[in-house]
Amino acid sequence: MSRPLEELIQDYHADSTQWEVVRLESLPSTNRHNRGGSSVQELLRHKITGEEMVRHTLLRPNGRFFQIPHFRLDWK
């Protein structure tokens, strides 16, 4: 059983080198305020425990953050 999301996030911020990106997907953003931007999802897996979480980032067309990265448990 996986730890709560908040614990996974704390673990990631404490030592991100223990996490690896195992899947990456970049699609056009569906946010109507971010037309032309991208929605980037990265599936992160802990190298030791195998626990997984998703880091989601919205980027503007120029590559700058529209929304800073946030974490969730499910791939959408």
Leu24, CG atom: more than 12 neighbouring heavy atoms under 6.0 Å: yes

Other ILVMFWY residues reachable from Val22 by side-chain steps of under 4.5 Å: Leu43, Val54, Trp75

Non-neighbouring partners of Phe65 that pass ring pair (Phe, Tyr, Trp, His ring centres under 6.0 Å), sequence neighbours left out: none

side-chain contact (heavy atoms from CB on, under 4.5 Å) partners for Ile48, two or more places apart: Gln18, His46

Qualifying salt bridge (Lys or Arg N to Asp or Glu O under 4.0 Å) pairs with a residue from residues 63-76, counting only residues at least two apart or across chains: none

Distance, nearest 0.5 Å, that separates CG of Leu44 from CZ of Arg55: 5.0 Å

Listed partners of Arg45 passing salt bridge (Lys or Arg N to Asp or Glu O under 4.0 Å), at least two apart: Glu52

Under 3.5 Å, side-chain donor or acceptor atoms of residues 33-40 against the rest of the protein: list the pairs with distances, not counting sequence neighbours.
residue	atom	partner	partner atom	Å
Asn34	ND2	Ser29	OG	3.4
Asn34	ND2	Leu59	O	3.1
Ser39	OG	His56	NE2	2.7

Evaluation steps, side-chain contact (heavy atoms from CB on, under 4.5 Å), between Glu51 and Arg3: CA-CA 8 Å; Glu51 294 167 306; Arg3 295 176 284 169; 2.7 Å; yes

Those residues that, when tested against Ser26, pass side-chain hydrogen bond (donor to acceptor under 3.5 Å, both in side chains) (two or more places apart): none

Residues that Ser16 engages under side-chain hydrogen bond (donor to acceptor under 3.5 Å, both in side chains), provided they are two or more places apart: none

Pair Phe71-Leu8, side-chain contact (heavy atoms from CB on, under 4.5 Å): steps then yes or no: CA-CA 9 Å; Phe71 297 89; Leu8 297 177; over 6 Å; no

Approximate separation, where rounding is to 0.5 Å, of Ile68 CD1 and Thr57 OG1: 9.0 Å

